[in-house]
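Below is one structure; the comments refer to it alone.
Below, each value reflects all heavy atoms present in this structure, side chains not excepted, and no hydrogens, waters or symmetry copies. Chain identifiers are assigned alphabetically (A, B, ...) following the order of the sequence lines, protein sequences preceding nucleic acid strands; residue numbering begins at 1 within each chain.
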2 protein chains.
Amino acid sequence: MLSIGDLSRRTGVKVPTIRYYEQMGLLPPEGRTEGNQRRYGHAGLERLAFIRHARDLGLPIEAIRELTALDGSDCAKAHPIAKRHLSDIRRRIEALRGLEAELARIAAACDGSEGACRTLAAFGDHDRCESSHGRS
Amino acid sequence: MLSIGDLSRRTGVKVPTIRYYEQMGLLPPEGRTEGNQRRYGHAGLERLAFIRHARDLGLPIEAIRELTALDGSDCAKAHPIAKRHLSDIRRRIEALRGLEAELARIAAACDGSEGACRTLAAFGDHDRCESSHGRS
DNA sequence: CCTAATTCCTCTAGCGGCTAGAGGTTCAAG
DNA sequence: CTTGAACCTCTAGCCGCTAGAGGAATTAGG
């Protein structure tokens with residue numbers, strides 16, 4: 001049986017975060033000691049890895065709750081969650097690419113040693129950027 | 001003179017958000033009416049556009065405060081802020097690209113009509129992903 | 001077996017960047 | 001002058017944690 005600290009060390013997830021996941025209904029402990037301390041087994045370890053991985057992928061807690069509520073074989077439900085999130089990620093990448101281009105333009109605006117600064121002006125200037133970012 | 005609502009309509013920034021920016025020290029109103037309502041001029045409009053643009057670019061409030069504190073010509077200080085943020089954006093794009101690849105793999109895991117679901121398994125499986133994402 | 005150090009417990013509050021609502025005042029049009 | 005829209009301040013909530021207080025349990029060493 002693993003203590004919450006053991007679980008933390010093995011997964012790299014901080015102790016308060018593990019308790020937070022439990023509070024969110026993602027990771028109930030296998031049991032408690034007489035003194036009320038959480039104990040986890042192998043299943044808990046795997047489940048936390050699952051949660052952590054999904055979080056790293058950017059899935060919100062809510063989506064993870066949906067996934068973990070599935071009994072482990074209900075693909076028809078799991079698949080659209082993954083797909084939805086994939087298109088979400090792609091949208092974010094596109095947005096960031098636009099920002100990257102523009103920030104590069106801004107950062108370049110004063111690389112030389114010209115007279116007046118144009119970096120600040122570039123920050124305020126939305127007209128020059130092709131991509132219509134933001135305002136979401 | 002523009003009311004806060006006028007400013008909101010012209011920039012697309014919501015009224016409470018404008019008040020929030022003021023609270024954060026980014027956008028002091030030009031003045032107030034006798035009845036204590038905020039009034040803005042052209043400068044306020046430009047400043048809000050600047051703030052909004054910088055926010056769209058992902059700059060944190062703190063960085064924007066640094067920028068707006070510059071008197072408008074201190075490029076030596078503005079430039080590193082832009083550069084720092086550019087590398088930040090690039091890092092985020094790289095991370096997202098890794099996640100995209102992995103989510104695509106996950107979403108593909110059960111596209112067919114095979115027997116067992118692998119989408120869920122793929123969510124929990126960190127070993128198969130080349131990119132070492134997350135854990136930051 | 002006892003002590004001391006470490007880990008654990010719960011609870012509350014804070015972060016950033018807003019957003020929403022209550023409850024009251026001021027403004028502008030008719 | 002009346003109405004209704006827009007304004008004011010203040011407080012609380014969102015997400016996903018993170019940090020700290022104050023106290024109880026566990027574990028290692030003597």
Side-chain angles (χ1 to χ4, degrees), chain A residues 1-40 44 48 50-68 85 88 92 95 99 133-136, chain B residues 1-40 44 48 50-68 85 88 92 95 99 133-136:
Chain A
M1 283 303 209
L2 302 164
S3 72
I4 197 169
D6 296 333
L7 206 59
S8 172
R9 273 182 293 280
R10 293 207 195 191
T11 58
V13 179
K14 290 180 183 169
V15 168
T17 305
I18 295 173
R19 288 197 273 248
Y20 171 74
Y21 288 157
E22 177 182 348
Q23 208 184 310
M24 294 297 101
L26 297 185
L27 182 64
E30 240 111 299
R32 299 262 185 160
T33 64
E34 282 194 21
N36 199 34
Q37 300 198 354
R38 294 165 179 85
R39 288 302 119 128
Y40 303 87
L48 182 51
F50 178 98
I51 294 166
R52 200 57 251 194
H53 196 194
R55 280 295 305 135
D56 285 347
L57 288 168
L59 278 102
I61 298 279
E62 175 56 29
I64 299 174
R65 194 170 15 231
E66 286 175 38
L67 285 173
T68 53
H85 200 64
D88 200 64
R92 278 156 64 188
L99 303 188
H133 57 71
R135 291 298 182 285
S136 57
Chain B
M1 282 304 212
L2 301 165
S3 73
I4 197 170
D6 296 332
L7 206 58
S8 172
R9 273 183 293 281
R10 293 206 194 191
T11 58
V13 179
K14 289 179 185 170
V15 168
T17 306
I18 295 174
R19 289 198 273 247
Y20 172 74
Y21 288 157
E22 177 183 347
Q23 207 184 312
M24 294 297 101
L26 297 185
L27 182 64
E30 241 111 298
R32 299 262 186 161
T33 64
E34 282 195 20
N36 200 34
Q37 303 198 352
R38 294 164 178 85
R39 290 299 121 125
Y40 302 87
L48 182 52
F50 179 98
I51 294 167
R52 200 57 250 191
H53 196 193
R55 282 295 304 132
D56 285 346
L57 289 169
L59 277 103
I61 298 280
E62 175 56 29
I64 299 175
R65 195 168 17 230
E66 284 174 38
L67 285 174
T68 53
H85 200 65
D88 201 64
R92 276 155 65 188
L99 304 188
H133 57 70
R135 291 297 184 284
S136 57

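- Atom CE in B:M1 sits roughly 13 Å away from atom P in C:dA28 (whole-Å rounding).
- Counting heavy atoms from C-beta outward, B:I51 and B:V13 have side chains that stay 4.5 Å or more apart.
- Of the candidates D:dC17, D:dT26, C:dG17, D:dT26 carries the atom nearest the A:Q37 side chain, counting heavy atoms from C-beta on.
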For side-chain contact (heavy atoms from CB on, under 4.5 Å), just list the numbers for A:M24 and A:I61, CA-CA rounded to whole Å, side-chain angles, deciding distance to a tenth of an Å, and then say yes or no.
CA-CA 8 Å; A:M24 294 297 101; A:I61 298 279; 4.0 Å; yes
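- In this structure, B:D6 atom CG and C:dC27 atom P are separated by 14 Å, rounded to whole Å.
- For B:T17 and C:dC18, the shortest distance from a side-chain N or O to OP1 or OP2 is not below 4.0 Å.
- A distance of 11.0 Å separates CD1 of A:I4 from CZ of A:R9, quoted to the nearest 0.5 Å.
- Each of A:R19 and A:T33 has a nearest nucleotide on DNA chain D; the 5'-most of these lies closest to A:R19.
- The shortest distance between the side-chain N/O atoms of A:R32 and the OP1/OP2 oxygens of C:dT10 is below 4.0 Å.
- Remark on DNA chain C: of its neighbouring residues B:E34 and B:E62, the 5'-side contact belongs to B:E62, judged by nearest-heavy-atom nucleotide.
- Across the protein-nucleic acid pair, B:L59 atom CG and C:dG16 atom P stand 15 Å apart, rounded to whole Å.
- Between B:R38 and D:dC7 there is no side-chain N or O to OP1 or OP2 distance below 4.0 Å.
- The CZ atom of A:R9 sits 11 Å away from the C1' atom of C:dC8 (whole-angstrom rounding).
- Atom pair B:I61:CD1 and C:dT19:C1' shows a separation of 14 Å (rounding to whole Å applied).
- Considering only side-chain N and O atoms, B:Y21 lies under 4.0 angstrom from the phosphate OP1 or OP2 of C:dC18.
- Judged by closest nucleotide on DNA chain D, B:V15 is the one of B:Q23 and B:V15 placed further toward the 5' end.
- A:Y20 has its side chain out of reach of A:L26: every pair of non-hydrogen atoms, C-beta onward, lies at least 4.5 Å apart.
- Checked for salt-bridge contact, A:R65 and A:E62 meet the test: a charged N lies under 4.0 Å from a carboxylate O.
- Note on B:R39: every side-chain N or O is 4.0 Å or more away from OP1 and OP2 of C:dT26.
- Straight-line distance from the CE atom of A:M24 to the P atom of D:dT18: 14 Å, rounded to whole Å.
- Computed from coordinates, the B:K14 NZ to C:dA20 C1' distance equals 10 Å when rounded to whole Å.
- Distances from the side chain of B:I4 to the nucleotides D:dC17, C:dG17, D:dC7 place D:dC7 closest.
- Distance, B:L7 CG to D:dC8 P: 11 Å, rounded to whole Å.
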